[in-house]
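Right, one structure below, let's go through it.
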Amino acid sequence: METLPSYNCIIHLEKFPTFTIEKAMCNHGFFMMAPNCWEPSTKSFSRPLRLADSTSVMTFISQPPGKDHLVIKVYGASILWLKDELAIQSQVKRMLRLSDMDEQDVRDFHKLHPEAEAKGFGRLFRSPTLFEDVAKSLLLRFCPWKTSLDLAKALCFLQYKKFKSKRKRANISSYGDFPNAEELASFSEKELKGKGNFGYRARELIMLAKQVVDGEIYLSKFEKDHIGTEPNWSKLKINGAGPFTIKTIMMCAGYYSYIPIDSETMRHMDEFHGLKVHKRKRGSINLQIRDKIQQIYKRYDPFQSLAYWFELVNSYETELGKELSELLPSEYHHVTGNYEKEKKKF
DNA sequence: CCCGTTGGGTTAGGGGTTGC
DNA sequence: GCAACCCCTAACCCAACGGG
């Protein structure tokens, strides 16, 4: 890869004094999911990103020590059109929440949560597009964490096999980019199931992609913007996305008021807040429990889920005995609340 | 021949959403 | 309120095997 021509995009960070690359990258499960690739020893990140015409190109992102800018090395071209440079920059800014609005949110959150400020926590990592966030949120449900990781890999592999461009500067990673809506919509259930064990998720993912392509689901309506008018979340109807998934998507979009409640949440509430819940039956979470959990984080309003996520990350790091940014990819599947129990077997 | 280890096969349980 | 959706893995059981 080093022998390929490359072009450096710069993102200036003067306006974001709270930013450090490892804290902005390594705080959410999504940073471990393909095609994202974090290298702990060099504190750098690589993955394919899209040029203005949707071509995938490999990029390498790092923060030179002591400098207040990010360098994005774009492989396969020695010069980029302005529109391509802007496209790359905007994807990186979305992943790392580098906007004036995000900076304001981080500051407001830190006023309510000095402990999070001290630990540099506040920018929740997300994908270059909301579509990828939504698709990955669907991969989180009803399966072990390792399966979610494997399915994301499978999608990238399928994208590579089907869409590797003939152009020389195209994708050069060992697996491909995360499929965009058009690409995912072009797959059949059979194609997906041929590579990974998607089960009923195959239909849901393809349906989502098709609805996005034909405009039935208009995702950018749900991105938080500078105007700040809250979207009507009840209008976001995605097959397979129930309360947990919608709240995960809300966090990604920049709305932090509601906790995405899953079995991990229940474990955490028990261990961290002494909220005993008799083992939940399959299916829906009772409304009283939901209220109790929301109450616990009321004082962080409107950043409840950030406060919750901060606790989760802390508990993982305590259990693992290191920061998430120090994890090797081979250790990712261990990151679950049951790590202690797992570890004893070794 | 007996006992402990290994392996393969089976079973149970875990996980969020949907639709009845 | 509950079963079905689909897959993974841990736990268990039992048979075959090897060493004493």
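Numbers restart at 1 for each chain; the letters A, B, ... are given by sequence-line order, proteins then strands.
- Non-hydrogen atoms lying under 4.0 Å from DNA chain C are contributed by A/Asn197, A/Gly199, A/Tyr200, all within residues 196-211 of chain A.
- Atom pair A/Arg267:CZ and B/dG15:P shows a separation of 11 Å (rounding to whole Å applied).
- Within the structure, every side-chain polar atom (N or O) of A/Ser263 is placed at least 4.0 Å from both OP1 and OP2 of B/dG14.
- Counting heavy atoms of neighbouring residues, nucleotides and ligands inside a 6.0 Å radius, atom CD of A/Gln288 does not exceed 12 of them.
- Look at CD1 on A/Ile246: it is 9 Å from P on B/dT18, rounded to the nearest Å.
- The aromatic rings of A/Tyr256 and A/Phe303 are tilted relative to each other, their planes meeting at an angle between 30° and 60°.
- Computed from coordinates, the A/Asn239 CG to B/dG16 C1' distance equals 13 Å when rounded to whole Å.
- For the ring-ring contact (aromatic ring centres under 6.0 Å, His included) with A/His28, the qualifying choice from A/Phe125, A/Trp309, A/Tyr316 is A/Trp309, the only one to do so.
- Atom CG in A/Asp262 sits roughly 9 Å away from atom P in B/dT17 (whole-Å rounding).
- The interatomic distance linking A/Leu139 (CG) with C/dC7 (P) rounds to 14 Å, in whole Å.
- Spacing between atom NZ of A/Lys237 and atom C1' of B/dT17 amounts to 14 Å, rounded to whole angstrom units.
- Looking at residues two or more places apart in sequence or on another chain, you find no ring-ring contact (aromatic ring centres under 6.0 Å, His included) involving A/His69.
- At whole-Å resolution of the value, NZ in A/Lys247 and C1' in B/dT17 are 13 Å apart.
- A/Phe142 places its CZ atom 13 Å from the P atom of C/dA3, with the value rounded to the nearest Å.
- Under 4.0 angstrom from either OP1 or OP2 of B/dG15 there lies no side-chain N or O belonging to A/Thr147.
- Looking at A/Ser41 and A/Glu39, their side chains do bring a donor and an acceptor atom within 3.5 Å of each other.
- The aromatic rings of A/Tyr300 and A/Tyr297 sit tilted relative to each other, their planes meeting at an angle between 30° and 60°.
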